[in-house]
Amino acid sequence: QVQLVESGGGLVQAGGSLRLSCAASGSSFSVNGMYWYRQTPGKQRELVAAISSDGTTNYADFVRGRFTISRDNAKNTVSLQMNSLSPGDTAVYYCNMWVLRNGGALDAWGQGTLVTVSS
């Protein structure tokens, strides 16, 4: 089994920065795509940023230029550097990885970490 553990959420003032991290643990696996999603009450979970195994990145329009996704393939970690935060970025952030293991693929999710941006 592969588990994802997130860290780095918290409370920050508008204009501030936070860095989220997510680490995958388990045995005999590799990771393809890595993603960050976010969700607010009453809304669907939405994709924030993605990074492929070769480092290609994609961002939602609402974070482009403010957030940066990165990964460390040796450590199976993904990070999200969030700058110029606004109250609209308040949400629970989830990391997601496509994990390759035992000849199959697993859609793994972190437990979520709350980011609160005060005005």
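The chain is numbered in sequence order, starting from 1.
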- Query: Do side-chain atoms of Gln81 reach the backbone of Arg19 as a donor and acceptor pair under 3.5 angstrom?
  - Reply: no
- Item | Thr113 OG1 to Trp36 CH2 distance, which is reported to the nearest 0.5 Å | 7.5 Å
- Identify whether Leu80 and Val115 are in the same connected component of the hydrophobic contact network (ILVMFWY, side-chain heavy atoms under 4.5 Å). yes
Could you give the side-chain donor-acceptor pairs of residues 63-71 under 3.5 Å, partners two or more places apart or in another chain?
| from | atom 1 | to | atom 2 | distance (Å) |
| --- | --- | --- | --- | --- |
| Arg64 | NH1 | Asp61 | OD1 | 2.4 |
| Arg64 | NH2 | Tyr59 | O | 2.5 |
| Arg66 | NH1 | Ser84 | O | 3.0 |
| Arg66 | NH1 | Asp89 | OD2 | 2.7 |
| Arg66 | NH2 | Phe62 | O | 2.8 |
| Arg66 | NH2 | Asp89 | OD1 | 3.0 |
| Arg66 | NH2 | Asp89 | OD2 | 3.4 |
| Arg71 | NE | Asn73 | OD1 | 2.6 |
| Arg71 | NH1 | Asn32 | O | 2.8 |
| Arg71 | NH1 | Ile51 | O | 3.3 |
| Arg71 | NH1 | Ser52 | O | 2.9 |
| Arg71 | NH2 | Val31 | O | 3.3 |
| Arg71 | NH2 | Asn32 | O | 3.1 |
| Arg71 | NH2 | Asn73 | OD1 | 3.0 |

- Message: With side-chain contact (heavy atoms from CB on, under 4.5 Å) as the criterion, how do Met97 and Cys22 come out once you've worked through the C-alpha distance, each side chain's angles and the decisive distance to 0.1 Å?
- Response: CA-CA 10 Å; Met97 298 185 187; Cys22 176; 4.0 Å; yes
- ILVMFWY network linking Trp109 to Val48, side-chain heavy atoms under 4.5 angstrom: no
- Task: Please round to the nearest 0.5 Å and tell me the distance separating atom CG of Leu11 and atom OG1 of Thr116.
- Result: 6.0 Å
- Item | Check: Thr90 side chain, Val117 main-chain N or O, donor-acceptor pair, under 3.5 Å | yes
- Query: Is a side-chain N or O of Asn58 found less than 3.5 angstrom from the main chain of Ala49, in a donor-acceptor match?
  - Reply: no
- Item | Identified side-chain contact (heavy atoms from CB on, under 4.5 Å) counterpart of Tyr94 within the set Arg38, Arg45, Gln111 | Arg45
- Task: Say whether, by atom type as modelled, one donor and one acceptor occur between the side chain of Asn102 and the main chain of Gly104 under 3.5 angstrom.
- Result: no
- Message: In the structure I gave you, are the side-chain heavy atoms of Leu20 and Glu6 within less than 4.5 Å of one another anywhere?
- Response: no
- Query: Are Leu114 and Met82 connected in a single hydrophobic cluster, I mean Ile/Leu/Val/Met/Phe/Trp/Tyr linked by side-chain heavy atoms less than 4.5 Å apart?
  - Reply: no
- Hydrophobic cluster membership, Leu18 vs Met34, 4.5 Å side-chain cutoff: yes
- Derivation of the side-chain contact (heavy atoms from CB on, under 4.5 Å) call for Leu106 and Phe29: CA-CA 10 Å; Leu106 171 67; Phe29 70 95; over 6 Å; no
